[in-house]
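Here is the structure we will look at, set down as structure tokens.
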Amino acid sequence: MCEKDKEEFRNAVREIAHLSVKIQSPYDRVRCCEWIRKLTGIPDDTFELAKIRNEYIQLLRVMVRSHYLRTPFIRPPPEGPLTSLAECVANDLCKRSPFFPTTGPIAPVIMHNSPDGRAYIAAKRIPGGGVFCYMAVTPDGFD
């Protein structure tokens, strides 16, 4: 993992620590601390682990900025190793919707913007099985 990625992770942890006190729910504040503890405990010596760690921390950072936690951070972190964020979100979607309705060639099954306009997620069923997920996050709002 390059030094820039390590610095980005440290900056995200600092920002989350600073902003987490503004989360209204005490349960969400505890969850945030549990996830930070889990993510800081992941070694960054391999590219895959570092990538997974940075994916989760950046999403947590966006959620803490909005003062509200969502999946996967509403539950305690798993005991074992973390899966990629895309796999985690896809698994959650499958749990919520055991059967995805068929959609047109462009229309997503799920499309959601965060209230502050800093995050966007869309999910679409792949013919033959599977789900395609797209997530975009920005420190500024989307136009």
Side-chain angles (χ1 to χ4, degrees), residues 1-101 103 106-143:
M1 183 174 177
C2 72
E3 194 58 40
K4 181 182 175 193
D5 293 332
K6 291 179 182 180
E7 184 62 30
E8 187 175 303
F9 181 82
R10 286 191 294 265
N11 288 339
V13 170
R14 281 187 207 109
E15 183 176 349
I16 291 167
H18 177 71
L19 293 175
S20 64
V21 296
K22 296 181 181 180
I23 298 173
Q24 293 182 358
S25 168
Y27 300 106
D28 285 350
R29 286 194 300 269
V30 169
R31 287 284 175 262
C32 186
C33 291
E34 290 173 339
W35 274 95
I36 289 291
R37 205 171 291 124
K38 173 75 173 186
L39 295 172
T40 54
I42 296 174
D44 59 0
D45 51 354
T46 67
F47 177 75
E48 276 304 311
L49 289 176
K51 180 180 173 221
I52 289 171
R53 184 174 92 153
N54 279 356
E55 287 174 346
Y56 277 91
I57 199 73
Q58 294 306 325
L59 181 58
L60 182 58
R61 176 192 248 178
V62 169
M63 289 183 188
V64 169
R65 283 178 179 168
S66 69
H67 313 297
Y68 184 76
L69 298 184
R70 297 170 192 86
T71 300
F73 304 110
I74 55 176
R75 288 182 290 283
E79 291 296 321
L82 291 175
T83 60
S84 71
L85 185 59
E87 185 178 340
C88 177
V89 170
N91 289 339
D92 185 63
L93 288 173
C94 289
K95 286 177 188 172
R96 292 174 188 235
S97 300
F99 176 76
F100 282 105
T103 61
I106 297 176
V109 174
I110 295 173
M111 185 173 65
H112 179 71
N113 285 326
S114 65
D116 60 1
R118 293 181 178 162
Y120 170 82
I121 188 164
K124 181 180 175 186
R125 182 177 178 198
I126 298 173
V131 177
F132 172 78
C133 294
Y134 173 78
M135 182 179 77
V137 179
T138 178
D140 306 319
F142 290 107
D143 291 325

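Side chains are part of it too, since the values below use all heavy atoms of this structure and drop only hydrogens, waters and symmetry mates.
- Atom NZ of Lys38 sits about 13.5 Å away from atom CD1 of Ile57, to the nearest 0.5 Å.
- Pairs engaging residues 16-28 under the side-chain hydrogen bond (donor to acceptor under 3.5 Å, both in side chains) rule: none recorded [sequence neighbours left out].
- Within the 3.5 Å criterion, the main-chain N or O of Arg75 finds a donor-acceptor partner in the side chain of Trp35.
- Remark: Arg53 CZ to Thr40 OG1 distance equals 8.0 Å, nearest 0.5 Å.
- Glu7 and Lys4 are not joined by a salt bridge, as no carboxylate oxygen comes within less than 4.0 angstrom of a charged side-chain nitrogen.
- Proximity of a side-chain donor or acceptor of Arg31 to a complementary backbone N or O of Phe73 within less than 3.5 Å is not detected.
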Inset, instruction - Begin from the C-alpha positions of Leu82 and Leu39 and carry the test side-chain contact (heavy atoms from CB on, under 4.5 Å) through to its verdict. - result: CA-CA 9 Å; Leu82 291 175; Leu39 295 172; 3.6 Å; yes

Inset, instruction - May I have the step-by-step check of side-chain contact (heavy atoms from CB on, under 4.5 Å) for Val137 and Gln58, ending in yes or no? - result: CA-CA 8 Å; Val137 179; Gln58 294 306 325; 6.0 Å; no

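- Two residues are said to be in side-chain contact when any heavy atoms from C-beta on lie closer than 4.5 Å; Ile36 and Leu60 meet this criterion.
- Note: Tyr68 OH to Ile23 CD1 = 11.5 Å, rounded to the nearest 0.5 Å.
- Nearest approach of Leu85 to Glu55, heavy atoms of both residues: N-OE1, 3.2 Å.
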Legend entry - Audit row: Glu34, Arg37, salt bridge (Lys or Arg N to Asp or Glu O under 4.0 Å) steps and yes/no: CA-CA 5 Å; Glu34 290 173 339; Arg37 205 171 291 124; 5.9 Å; no

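- In this structure, Ser84 OG and Lys51 NZ are separated by 7.0 Å, a value rounded to the nearest 0.5 Å.
- Contact detail for Arg70 and Met63: the closest heavy-atom pair is N-SD, 3.3 Å.
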Inset, instruction - Determine, step by step, whether Glu15 and Val64 satisfy the side-chain contact (heavy atoms from CB on, under 4.5 Å) criterion, reporting the C-alpha distance in whole Å, the side-chain angles of both residues, the deciding distance to 0.1 Å, and the verdict. - result: CA-CA 9 Å; Glu15 183 176 349; Val64 169; over 6 Å; no

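- Once rounded to the nearest 0.5 Å, the distance linking CG of Asp44 with NZ of Lys6 reads 4.5 Å.
- In terms of heavy-atom proximity, Pro43 sits nearest to Leu49 at O-CB, 3.5 Å.
- The minimum heavy-atom distance between Met135 and Leu59, with the atom names listed, is SD-CD1, 3.9 Å.
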Inset, instruction - Given side-chain contact (heavy atoms from CB on, under 4.5 Å), test Phe9 with Val13 step by step and report yes or no. - result: CA-CA 6 Å; Phe9 181 82; Val13 170; 3.7 Å; yes

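- Shortest non-hydrogen contact noted between Tyr56 and Cys88 is OH-CB, 3.4 Å.
- Minimum heavy-atom separation, Leu19 to Arg65: CD1-CG, 3.8 Å.
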